There are 2 protein chains.
Amino acid sequence: MQSSKRATTPQRIERSPGIKKIAEKLGISIGTVDRALHDRPGIHPDTKKRVMAAAAELGYRPNLAARFLKSGKGLTIAVCLPRAIAHFFDDVRMGVHRAAEAHGAMVELIDYSFSRFEEGEAAAVEEALKKRVNGIILVPGRPSHARPLIGKASRCNIPVVCIGSDADGTGRLVHVATDSFSSGALVGEFLGCLNRPLRRLAVFIGSRGTSDHSEKLRGIQDSVPRHIRLKTTWEVIEAHDNAREAQHLSEKLLDTSRGLHAVYVATANSLPVLQAMDRRSLLGRIPVITTDIYPELLPYLRSGKVLATVYQHPVSQGRIAFDALHRFLVTGVRPAERILLPPLLVMRSNLDILLERSRGWSRRSQGAQRSPESVCLKG
Amino acid sequence: MQSSKRATTPQRIERSPGIKKIAEKLGISIGTVDRALHDRPGIHPDTKKRVMAAAAELGYRPNLAARFLKSGKGLTIAVCLPRAIAHFFDDVRMGVHRAAEAHGAMVELIDYSFSRFEEGEAAAVEEALKKRVNGIILVPGRPSHARPLIGKASRCNIPVVCIGSDADGTGRLVHVATDSFSSGALVGEFLGCLNRPLRRLAVFIGSRGTSDHSEKLRGIQDSVPRHIRLKTTWEVIEAHDNAREAQHLSEKLLDTSRGLHAVYVATANSLPVLQAMDRRSLLGRIPVITTDIYPELLPYLRSGKVLATVYQHPVSQGRIAFDALHRFLVTGVRPAERILLPPLLVMRSNLDILLERSRGWSRRSQGAQRSPESVCLKG
DNA sequence: CGTTATCTCGTGTACGTTACCGTTTATCCA
DNA sequence: TGGATAAACGGTAACGTACACGAGATAACG
């Protein structure tokens with residue numbers, strides 16, 4: 001069979017040791033090494049130990065290119081997130097997909113969208129486990145319902161990344177979110193800069209039971225007294241992320257207590273509040289700060305009726321979650337227990353650039369806001 | 001219970017057509033196809049045309065896993081950036097490296113640092129071209145010097161990504177930066193929110209000749225009148241990114257003109273200005289907004305002596321630049337001509353979370369950040 | 001007509017991994 | 001002790017690509 005002589009080039013490229021190196025170091029076959037490294041049956045425990053030791057000693061790292069080439073498909077990752085408050089989660093999903101695209105066919109995503117109010121997350125995760133995905137990215141709608149599923153996944157050795165709400169103590173890999181306390185504190189600091197007498201402040205949240213919301217409240221209540229000399233009183237309204245409830249409660253608030261000096265809507269459910277205030281011609285007179293960005297909010301921001309909104313980096317959260325998971329799956333390096341992003345203020349001046357970068361909402365430039373010709377360097 | 005029949009499943013994973021498919025479709029060998037696809041010598045023009053047509057028809061995409069497996073090394077990308085104003089560029093470099101790490105051994109980076117004031121960029125790029133890298137990420141120190149080199153690289157079919165300064169019209173792949181105009185406009189808007197009489201404003205820039213700086217100036221001068229009723233006068237100081245010059249000019253300004261109402265330092269060279277103001281006990285009385293974040297600036301931010309700083313996402317700029325370049329090299333998809341990031345305000349409340357995410361500067365304790373002590377603007 | 005150079009193209013091997021099949025060894029029961 | 005059965009392990013094809021090498025054809029030259 002061997003006909004001609006080979007004149008292979010020396011090819012002195014330093015390659016990381018492969019499964020073959022381990023095999024010849026131990027004087028066994030690559031098949032055995034393969035079984036040892038992948039918990040496959042049909043191998044003697046002693047042999048397996050020797051292989052694992054040799055692999056560790058040589059610093060073996062599986063060659064993903066070869067693995068992908070052989071198996072024909074890459075890692076599969078389930079992306080489980082709610083449909084509700086769609087704009088935020090759509091951005092998260094986009095962040096995940098963008099990050100995954102960088103790896104081409106070597107990573108495959110499977111989307112599972114579920115209704116936030118029907119505990120659909122359980123079904124989604126269960127489905128993902130059935131499909132034997134390599135990892136799960138999850139935005140828990142109701143963390144209490146998600147916890148057992150996350151525990152189950154972790155026991156199956158399937159890492160779970162939580163975005164937004166956490167589910168700690170379940171064995172989840174990492175929690176990615178914006179820092180809620182800082183969000184509230186940032187708003188407090190900004191309000192303090194306004195140089196106005198702020199005696200009565202209203203804060204709209206979803207529920208005190210949600211740690212995200214209670215932390216935001218704690219943040220602003222901790223921050224405002226530090227920047228404002230006057231004694232402040234607080235109106236805390238729990239709207240439970242329900243539009244009708246938000247509308248009803250805000251109208252009630254506005255009608256009963258007149259001397260409101262600032263409003264902070266700490267949930268994405270800000271539209272009903274804004275509309276109620278608009279009807280009473282309060283916008284523009286009372287400083288309002290909201291959370292997140294969605295199309296209906298844009299006119300309020302552009303007109304200055306809403307001073308600023310706290311941006312929570314949905315796209316980045318998705319990207320970071322994916323990167324952490326991918327890195328763990330590939331290299332085995334565990335990310336930090338928790339990755340917190342800084343909340344940032346978005347105002348009229350930087351709104352359009354932000355949108356252009358993250359989405360396709362407002363392609364229109366706002367008149368004189370930007371000169372038509374692009375920036376061009378001239379020597 | 002398994003079926004009696006061995007009958008393995010057809011394993012019909014839909015694979016994208018490879019070089020082999022093209023070969024058998026045309027009835028030629030894979031070697032010929034290889035030569036055609038890679039502009040290798042020794043192939044008849046007609047044959048090459050047929051191959052290219054067939055490749056296009058079948059939607060051929062090279063299998064990077066196989067390519068990497070065979071060749072033993074991945075894409076090599078040169079990262080050329082200055083040493084000066086180190087913190088910003090260090091972050092850019094970190095962003096590039098982080099993004100590259102996700103691809104493991106399939107991407108290799110080569111760092112070329114050069115001195116900004118000695119036209120070192122030319123040598124760096126030249127060196128990269130010699131090494132026959134697949135792409136170049138460049139922060140032009142002196143764009144006018146970089147232009148011919150970028151043109152040369154583009155003619156060699158080596159894509160160049162510019163971060164910060166642009167070199168447009170040279171064939172560079174894409175320009176990544178923060179939107180300078182928005183930066184200035186954001187500061188103007190924020191100052192407007194302060195609700196104070198701002199009649200005399202000082203803006204420190206590097207040079208009017210740098211488009212980045214002149215755009216920031218244009219931004220704030222366009223923005224302030226929209227938020228402040230009073231007529232404003234402007235002091236524009238060009239410090240040429242030189243610390244001594246900045247110190248001298250700021251002291252001269254502070255001593256000659258007393259009624260300053262706000263200061264915007266639009267370059268990273270803000271320390272001399274702050275020190276000059278501090279010596280005259282002006283900090284805390286006159287609102288100051290700076291640019292970028294570096295260790296020496298932290299005390300000013302934490303104490304409230306600097307109200308806010310405009311963050312330009314150095315890490316993200318690096319990451320985005322890399323991703324755009326990588327995507328282009330792998331899929332051939334050209335990114336947008338220009339990718340502009342939104343500038344964002346960093347204040348005390350979100351400073352530490354930001355640092356934790358991007359670097360290791362910040363001290364661990366959140367006690368300091370959330371201590372009751374604070375400095376408000378007086379007067 | 002023979003020799004050689006040039007151009008064009010086919011062939012073979014290797015990359016690291018996995019799946020599958022074949023082979024050897026150990027265990028157990030009749 | 002023979003034979004059956006399973007456990008443990010060896011061997012190899014194949015994934016898609018890159019590249020060295022050689023075969024075949026054609027043309028140019030003596």
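So that the names make sense, note that chain A is the first sequence line, chain B the second, and so on, each numbered from 1. These numbers come from a predicted model, not from an experiment.
Here T32(B) reaches the OP1 or OP2 of dG10(C): one of its side-chain N or O atoms lies under 4.0 Å away. In this structure, T47(A) reaches the dC9(D) phosphate: one of its side-chain N or O atoms is under 4.0 Å from OP1 or OP2. Using a 4.0 Å cut-off, no side-chain N or O of S71(A) falls inside it from OP1 or OP2 of dT17(C).
Among the atoms of the strands shown, only primed sugar atoms or phosphate atoms (P, OP1, OP2) are found under 4.0 Å from some heavy atom of P62(B). Across all strands, N63(A) comes closer than 4.0 Å only to sugar-phosphate atoms, never to a base (heavy-atom distances). As judged by a 4.0 angstrom heavy-atom cut-off over every strand, I43(B) is placed among residues touching the sugar-phosphate backbone only. At a threshold of 4.0 angstrom between heavy atoms, the contacts of R35(B) include nucleobase atoms, whether or not backbone atoms are also involved.
The residue among G42(A) and G31(A) whose nearest nucleotide of DNA chain D lies closer to the 5′ end is G42(A). Mapping H44(B) and G18(A) onto DNA chain C by nearest heavy atom places H44(B) at the nucleotide closer to the 5' end. Each of V33(B) and I30(A) was assigned the nucleotide of DNA chain C with the nearest heavy atom; the assignment lying further toward the 5' end belongs to V33(B).
Atom CZ of F68(A) and atom P of dT18(C) are 14 Å apart (whole Å). Taking atom CG of residue L69(B) and atom C1' of nucleotide dG16(C), one finds them 5 Å apart after rounding to whole Å. Computed from coordinates, the I19(A) CD1 to dA14(D) P distance equals 19 Å when rounded to whole Å. Distance I28(A) CD1 to dT25(C) C1': 16 Å, rounded to the nearest Å. With rounding to whole Å, K21(B) atom NZ is found 11 Å from dT17(D) atom P. Distance K49(B) NZ to dC9(C) P: 14 Å, rounded to the nearest Å. One interatomic measurement links the two molecules: CZ of R67(A) to P of dT17(C), which rounds to 8 Å at whole-angstrom precision. We find that NZ of K73(B) is positioned 15 Å from P of dG16(C), with the value rounded to whole Å.
In this structure, the side chains of L341(A) and S316(A) come closer than 4.5 Å at one or more pairs of heavy atoms. Side chains of I339(A) and R357(B) form a contact here, defined as non-hydrogen atoms less than 4.5 Å apart. Contact check for R319(A) versus R319(B): side-chain heavy atoms found under the 4.5 Å cut-off.
By the ring-ring contact (aromatic ring centres under 6.0 Å, His included) test, F68(B) pairs with no residue at all, sequence neighbours left out.
When distances run from any side-chain atom of P45(B) to the nucleotides dA18(D), dG16(C), dT8(C), the shortest one goes to dT8(C). Of all nucleotides listed (dT17(C), dT18(C), dG10(D)), dG10(D) comes nearest to the side chain of S29(A).
A donor-acceptor pair shorter than 3.5 Å can be found between the side chains of R93(A) and S113(A).
Using a 4.0 Å cut-off between charged side-chain N and carboxylate O, K48(A) and D39(A) make a salt bridge.
Two end axes, each from the C1' atoms of five base pairs, can be drawn for the helix from dC1(C)-dG30(D) to dA30(C)-dT1(D); they diverge by 60°, to 10 degrees.
Pairs engaging residues 313-341 of chain B under the ring pair (Phe, Tyr, Trp, His ring centres under 6.0 Å) rule: H103(B)-F322(B), H103(B)-H326(B), Y311(B)-H313(B), F322(B)-H326(B) [sequence neighbours left out].
Without hydrogens or angle criteria, E121(B) side chain to G141(B) main chain gives a donor-acceptor distance under 3.5 Å.
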